[in-house]
Engineer: 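My questions all concern the structure below.
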Amino acid sequence: MASSVDARRRIKNAPLRVYGVILNVATDLPITGGLTGPDAEISADGAAFAVIAAAEAELGTTGFFSCDLSASETAYDHVYFQFKATNGS
């Protein structure tokens, strides 16, 4: 019988850069021209969301961004992210 364990490579207890995009809720297109009030948050093992220690960095004015996680922020079995901007609607 096949295992139900996820076979993707896990990154745990190591710094990690994550990437994302902020979409306009009306058009489903990336917000271009710069994000205002960007906010990146993390939830470790289902706990309440908290601000990620490192600041997110927008890649130009594309709506795409990167955010660096510390080793302590990846020291969990399940890590969830949410990314927001005040001009996201």
Side-chain angles (χ1 to χ4, degrees):
M1 177 177 207
S3 171
S4 62
V5 174
D6 191 342
R8 291 176 287 183
R9 183 171 170 240
R10 291 181 58 198
I11 305 294
K12 192 172 180 180
N13 298 316
L16 177 67
R17 177 169 286 166
V18 295
Y19 296 89
V21 62
I22 302 288
L23 301 176
N24 181 301
V25 297
T27 64
D28 286 334
L29 297 173
I31 295 173
T32 58
L35 298 175
T36 57
D39 180 34
E41 297 180 346
I42 188 170
S43 169
D45 288 337
F49 279 95
V51 174
I52 293 174
E56 57 284 319
E58 187 174 5
L59 307 174
T61 57
T62 62
F64 289 83
F65 61 91
S66 67
C67 190
D68 293 328
L69 303 178
S70 66
S72 64
E73 289 173 321
T74 65
Y76 303 94
D77 291 325
H78 303 280
V79 180
Y80 305 94
F81 306 100
Q82 66 180 13
F83 303 99
K84 304 177 274 188
T86 56
N87 59 336
S89 60

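What you see is a predicted model, and the numbers here were worked out from it, not measured in a lab.
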Engineer: Would Tyr80 and Val21 show up in the same hydrophobic cluster when neighbours are defined by side-chain heavy atoms closer than 4.5 Å?
Structural biologist: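 Different clusters.
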
Engineer: Which pair of heavy atoms, one from Pro30 and one from Leu23, lies closest together, and at what distance?
Structural biologist: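 It is N-CD2, 3.6 Å.
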
Engineer: May I have all residue pairs that pass salt bridge (Lys or Arg N to Asp or Glu O under 4.0 Å) and include part of residues 48-71, sequence neighbours excluded?
Structural biologist: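 Only Arg17-Asp68 qualify under salt bridge (Lys or Arg N to Asp or Glu O under 4.0 Å).
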
Engineer: Got a second to check how far Leu29's CG is from Ile22's CD1, nearest 0.5 Å?
Structural biologist: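 The distance works out to 14.0 Å.
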
Engineer: Measure the OH-CG distance between Tyr76 and Asp45 for me, rounded to the nearest 0.5 Å.
Structural biologist: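 Reported value, rounded in 0.5 Å steps: 7.5 Å.
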
Engineer: Check Cys67 against Ala54 and note the closest heavy-atom contact, atom names and distance.
Structural biologist: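 In this case the closest contact between Cys67 and Ala54 is SG-O, 3.7 Å.
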
Engineer: State, to 0.1 Å, how close Ser43 and Gly46 come at their nearest heavy-atom pair, and which atoms those are.
Structural biologist: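 Where Ser43 meets Gly46 most closely, the heavy atoms are OG-C, 3.5 Å.
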
Engineer: Indicate the atoms forming the closest heavy-atom contact of Asn13 with Ala75, along with that distance.
Structural biologist: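 The pair with the smallest heavy-atom distance is OD1-CB, 2.8 Å.
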
Engineer: To check you understand the geometry: which heavy-atom pair defines the closest contact between Leu69 and Ile42, and what is its length?
Structural biologist: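 Looking at all heavy atoms of both residues, the shortest contact is CD2-CD1, 4.3 Å.
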
Engineer: Kindly determine whether Lys12 and Asp77 satisfy side chain to side chain contact (heavy atoms under 4.5 Å, CB included), including the steps that lead there.
Structural biologist: CA-CA 8 Å; Lys12 192 172 180 180; Asp77 291 325; 2.7 Å; yes

Engineer: Which pair of heavy atoms, one from Phe81 and one from Ile52, lies closest together, and at what distance?
Structural biologist: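 Closest approach of Phe81 to Ile52: CD2-CD1, 4.2 Å.
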
Engineer: Does Phe49 reach the side chain of Asp39, with side-chain heavy atoms less than 4.5 Å apart?
Structural biologist: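 Not touching, per the 4.5 Å side-chain cut-off.
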
